[in-house]
Amino acid sequence: MSKPKINTEMIGALDYLEKEKGIKKEIVIEALEQALESAYKQNYGDKNVEVEFNSLTGNIKVYAVKTITDDEEAVEADSNEFMSLADARKLPHGQGYDIGDEIREEVTPRDFGRIAAQTAKQVVMQRLREEERKIIYDKYKTYENEIITGEVSREDKRFTYVDLGDGVEGAMGFRDKMPNEHYHVHDRIQVYVTKVNDDRRGPQIFVSRTAPELLKRLFEREVPEIKDGTVLIENIAREAGDRAKVAVYSNDPNVDPVGTCVGPRGSRVQAIVNELDGENMDIVEYVKDPAKFIANALNPAEVLDVIFNEDKPASETEESEGEETTEGQTERSCTVVVPDNQLSLAIGKRGQNARLAARLTKYKIDIKSESEMAENDQESEEVADSEENTDNNEE
């Protein structure tokens with residue numbers, strides 16, 4: 001009986017895949033043997049066969065696997081699955097067989113080489129695609145929640161695609177694009193990897209330029225004290241491409257968290273501003289005292305007073321913009337008093353400063369001028385006096 005061989009190029013291909021692509025030879029051989037078993041069954045009808053591929057010589061052997069039995073009817077009904085004990089003991093070295101043992105008998109066809117070569121080519125190509133996809137997925141899964149540099153490659157109605165290397169593209173949706181940026185092919189940009197999905201067509205990688213986490217990673221890169229944990233980022237509120245507020249604090253009383261993040265002559269924060277195409281940065285100190293933190297968050301406006309309101313269930317109040325509340329939570333709110341000439345500064349253009357401060361502190365903030373508060377206090381006093389007079393008259 002002949003011993004079909006796959007072309008020696010196949011052996012070289014297996015070595016190449018393992019050395020250059022990182023695909024283990026054993027994995028391809030296992031898939032090849034399984035495919036050859038299926039091919040044999042389709043062409044020759046036998047069900048219980050095993051295929052062995054010799055990775056050194058390229059030889060292929062097909063073995064029929066039969067169970068030894070003393071049931072003659074079973075042997076007559078399916079001689080491909082069963083062999084009688086008497087026949088088994090007639091084989092060379094067959095005296096040691098017993099009922100229930102499995103015996104492997106070579107049944108390699110003479111013309112199996114052609115089928116094997118075709119099958120091998122298909123299996124190798126399929127396994128190559130699968131393993132390359134897995135390698136790429138595993139690699140880019142480690143980049144999830146990290147920054148990576150890529151090159152804008154193309155754009156359609158849904159996504160801007162960023163070439164990340166290895167023939168892999170990251171997809172950046174409309175909401176993940178900076179509204180003040182216009183991308184052109186071959187532009188090199190830094191993106192934040194938000195999600196990596198494994199898909200049969202290949203890994204799906206989603207990236208963003210608007211995620212607050214992108215800003216956090218940029219600060220970690222530019223500020224060594226953040227990277228080593230001396231300075232920590234408590235929270236980030238961002239309207240990408242326009243303005244962001246970053247709350248930081250220090251674990252070391254000798255380290256100024258705000259000054260550390262700004263850097264000498266503003267060099268550290270300026271590098272981040274440049275990377276984000278001019279997005280303004282407010283770096284504020286986080287403190288546990290909520291009144292002081294809210295005052296810091298409204299920087300650059302001066303705050304005279306912070307008056308905390310009684311907490312109410314989120315369902316009973318209007319949700320402040322940019323905050324997420326869930327059933328059972330209470331909404332924290334406060335009234336902030338500022339000088340008359342600071343009201344517009346505290347609120348900001350289109351309410352942006354107040355809105356970002358609310359997101360940063362997780363408080364719903366109502367900003368009032370000093371004179372407005374005085375008027376409200378006067379009105380409250382007048383109402384109280386009126387009610388007191390009414391009560392006295394009734395008495």
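One is the number of the first residue; the rest follow in order along the sequence.
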Please examine the side chains of [Y] and [X], heavy atoms only from C-beta on, and report whether any two atoms are closer than 4.5 Å.
X: P290; Y: T361; value: no
X: Y44; Y: F112; value: yes
X: L215; Y: M281; value: yes
X: Q190; Y: R217; value: no
X: D71; Y: F82; value: no
X: Q270; Y: V273; value: yes
X: R238; Y: L214; value: yes
X: M172; Y: V207; value: yes

Exercise. Of E222, E220, E225, which meets salt bridge (Lys or Arg N to Asp or Glu O under 4.0 Å) against R268?
Worked result: E225

Using a 3.5 Å distance criterion without hydrogens, assess whether the side chain of [X] forms a donor-acceptor pair with backbone atoms of [Y].
X: K368; Y: T335; answer: no
X: S333; Y: K364; answer: no
X: N197; Y: Q204; answer: no
X: D242; Y: N280; answer: no

Between [Y] and [X], is the closest basic N to carboxylate O distance under 4.0 Å?
X: E239; Y: R359; answer: yes
X: K141; Y: E144; answer: yes
X: E279; Y: R209; answer: no

Measure across [X] and [Y] and return the closest heavy-atom pair with its distance rounded to 0.1 Å.
X: S369; Y: D340; answer: CB-OD1, 3.4 Å
X: I307; Y: D305; answer: CG1-OD2, 3.7 Å
X: M178; Y: L276; answer: CE-O, 3.2 Å
X: C261; Y: V231; answer: SG-CG1, 4.2 Å
X: R243; Y: N353; answer: NH2-OD1, 3.0 Å

Exercise. Do V191 and F206 belong together in a cluster built from hydrophobic side chains that touch within less than 4.5 Å?
Worked result: no

Problem set entry | ILVMFWY cluster, I283 and I226 together (side-chain gap under 4.5 Å) | yes

For this session: Please indicate whether F308 has more than 12 foreign heavy atoms, meaning atoms of other residues, nucleotides or ligands, lying under 6.0 Å from its CZ.
Result: yes

Exercise. Does NZ belonging to K216 count more than 12 external heavy atoms closer than 6.0 Å?
Worked result: no

Exercise. So how far is it from N54 CG to I29 CD1, rounded to the nearest 0.5 Å?
Worked result: 8.5 Å

For this session: Any chance you could lay out the salt bridge (Lys or Arg N to Asp or Glu O under 4.0 Å) test for K24 and E30, step after step, and finish with the verdict?
Result: CA-CA 10 Å; K24 292 184 179 180; E30 181 182 357; over 6 Å; no

Problem set entry | side-chain contact (heavy atoms from CB on, under 4.5 Å) assessment of F293 paired with N235 | CA-CA 12 Å; F293 182 34; N235 198 15; 5.6 Å; no

